[in-house]
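Heads up, the thing below is written out as structure tokens.
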Amino acid sequence: MSRIQACFEQLNTSGRKALIPYITAGDPNREVTVPVMHAMVEAGADIIELGVPFSDPMADGPVIQKACERALESGTSLRDVLAMVAEFRRRDDRTPVVLMGYLNPVEAMGYETFADACVSAGVDGVLLVDLPPEECEDIVPRFRQRGVDLIFLVAPTTTDERIRRIGEAASGYLYYVSLKGVTGAATLNVEEVASRVETIRNLAQLPIGVGFGIKDAASARAVSRVADGVVVGSALVNQIAANAQRTEAIAPAVAAVLADMRSAMDE
Amino acid sequence: MTERPDYKAFPDQRGHFGQFGGRFVSETLMAALDELETMYRRLKDDPQFQADFDYDLAHYVGRPSPLYLAERWSEQLGGARVWLKREDLNHTGAHKVNNTIGQALLAKHMGKKRVIAETGAGQHGVASATVAARLGLECHVFMGEEDIRRQRLNVYRMKLLGAEVIPVTSGSRTLKDAMNEAMRDWVTNVDDTFYIIGTVAGPHPYPMLVRDFQSVIGREAREQSLKQAGKLPDALVACVGGGSNAIGLFHPFLEDEGVAMYGVEAAGDGVDTGRHAAPLTAGRPGVLHGNRTYLMEDESGQIIETHSVSAGLDYPGVGPEHSWLKDIGRVNYVAADDQEALAAFRELTRVEGIMPALESAHALAYARKLAPTMSADQNLIVNLSGRGDKDILTVADIDGIEF
């Protein structure tokens, strides 16, 4: 059983929902990331989404765009991100790590090389924002054979037919994008999310994480009532941006936001 | 390639040109692209849609554009007879309007009230603002801060036309970043917004439909050449940024095996310096802006900044059909640097009284080299994709002249 699957099963048994934080690897420098990952686990994170910085993050709002810029300025490449996961694994063999990013750095490395590197670093899942299932029929098996989950987005605009197709290509969990927009945008509508999650449940047999627009403990709590997981990104990256000049303050600041969300979700 | 491909069969159903093209976008946009593709496939064979398009091209754009024999310049170059396809004479001053007319008609059929566009040199922004004004659509144009500085005349033109020009301050602040920002807007406002992409790049079906709209250039040039020169041309030359004017000229000639084709990329300070915008000449395949194509990228897959004196060619990617035409060897891709383009800009202006856009000047720069290697009974067509009025301030800056 994969770490992601085991994680959701265990949460299910204890009646809790997954808290899934996102940070961009290497933001604002390469030394900060692994300690922040550990701090997030201590604050109640169940799965970590680690962003691979890209020069042209088309699906991201200004907060994560800036994070990518800081990470690239500090010289973070896909190889560095894999090395960070390997380092994280020395102290944590339990928490699933999902790499989230754009396709081109993976194209540049090569799919075989990348899939092998994921296995040896201890990466559990990969979410490539600009890789829809139609374009990766020959790529899916390479990850499946190696036990690396490919996670896909489902959007408010996704048709039922596509949800079924995405459900077949995906493993681990589905990431439901709660609103039409970029990361960090507007506020989500919980009732709308609830009804969409219901639809997705009927069409695909995977846990559903919901992200985009989760800003605080209240929105995390509301979403946790209807989904299997709550993804939070920009709200954490904001903490990193605010403390970019005094990096020792980053881990506690990020952990504090997460701890609030955790206790609101578990109430 | 031993067998000649059926060029008209590309892209395939999924938008691929060989290994290139495709639809690499985030999930939110997939439904909108499906909707656009369905609508386009239905309308492209609809006689009424074609008649509306042709009517607008004739009476609003002023087509057909002339095929002009540049006699004095040909004589000076000493070789082939050089003809200019005068897209600079179109309404708004460039080939860009052929495509915005077509996409605006699509937007109208789809009931979209708001259009967005990205622009580099500003020509596509102006062409989009123009058709939006005519159809009463709200228009937002994304433009890199650096390009706004270089092309302030076009910025003001867009504002006069009623468009809102939104400065893009992320990344390199040029065309690629404007395209990122337009995609972000589209994903947010996908219900009521039509994204008018200005070149043959982007996710399927854009490379196909922009090519189809721009192919009027090559269809006319082919007919005009048969009539005016009495035969098909021996060579075609066009500049390539994203590559819409080039594909528009080339596509109707692809099956004419005797017609050689040259796509001219921007070599900037020189391909060897790394400061250029020539992905087909010096890049490698990757994925950006929704399609797989040749890109300028570093070894870890990050897109690198480009350089060209011409804002319209300052783009790290290229339309996927060009990538395919390069790999199968049908089109030759070459590069001209800033100095060569500027020299050609000045020369055509002085010798023919035609001031070309700096983008088109790259094609002219290569034609200057090619024509003398050809014989006097051969014909060379250069796509004069736009006029140079918008570039006067850039050239004046280079000459050290202030107004």
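To find a chain, count down the sequence lines: A is the first, B the second, and so on, and within it residues start at 1.
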Side chains of B:T188 and B:D185: do they bring a donor and an acceptor to under 3.5 Å? no
Given heavy-atom pairs under 4.5 angstrom as the criterion, report whether the side chain, backbone, both or neither of A:R162 touches chain B. side chain
For B:E118 and B:Y195, which I'm curious about, is there any donor-acceptor pair between the side chains at under 3.5 Å? yes
By a 4.5 Å heavy-atom criterion (distance strictly below it), what part of B:D298 contacts chain A: side chain, backbone, both, or neither? neither
So that I can tick it off, tell me whether B:E138 and B:K113 are bridged by a salt bridge, with the cut-off set at under 4.0 angstrom between side-chain N and carboxylate O. no
Give the member of B:D34, B:V287, B:I304 that has the highest number of heavy-atom pairs under 4.5 Å with chain A. B:V287
Which atoms of B:R23 approach chain A - backbone, side chain, both or neither, heavy atom under 4.5 Å: both
Please determine, among A:L78, A:T157, A:V129, A:D130, the option with the most heavy-atom pairs under 4.5 Å with chain B. A:D130
Non-hydrogen atoms of chain B under 4.5 Å away: do they reach the side chain of A:L128, the backbone, both or neither? neither
Which portion of A:P57 sits near chain B, non-hydrogen atoms under 4.5 angstrom: both
Lys/Arg-Asp/Glu bridge criterion (N-O < 4.0 Å) met for B:E321, B:R211: yes
Side chain from CB out, backbone as N, CA, C, O: work out which of these in A:V106 comes under 4.5 Å of a heavy atom of chain B, or both, or neither. neither
Taking 4.0 angstrom as the limit, do B:E145 and B:R149 come out as a salt bridge? no
Applying a strict 4.5 Å limit to non-hydrogen atoms, the region of A:E69 in contact with chain B is side chain
Non-hydrogen atoms of chain B under 4.5 Å away: do they reach the side chain of A:L103, the backbone, both or neither? side chain
Among A:S77, A:P53, A:P132, single out the residue with the greatest number of heavy-atom pairs under 4.5 Å to chain B. A:P132
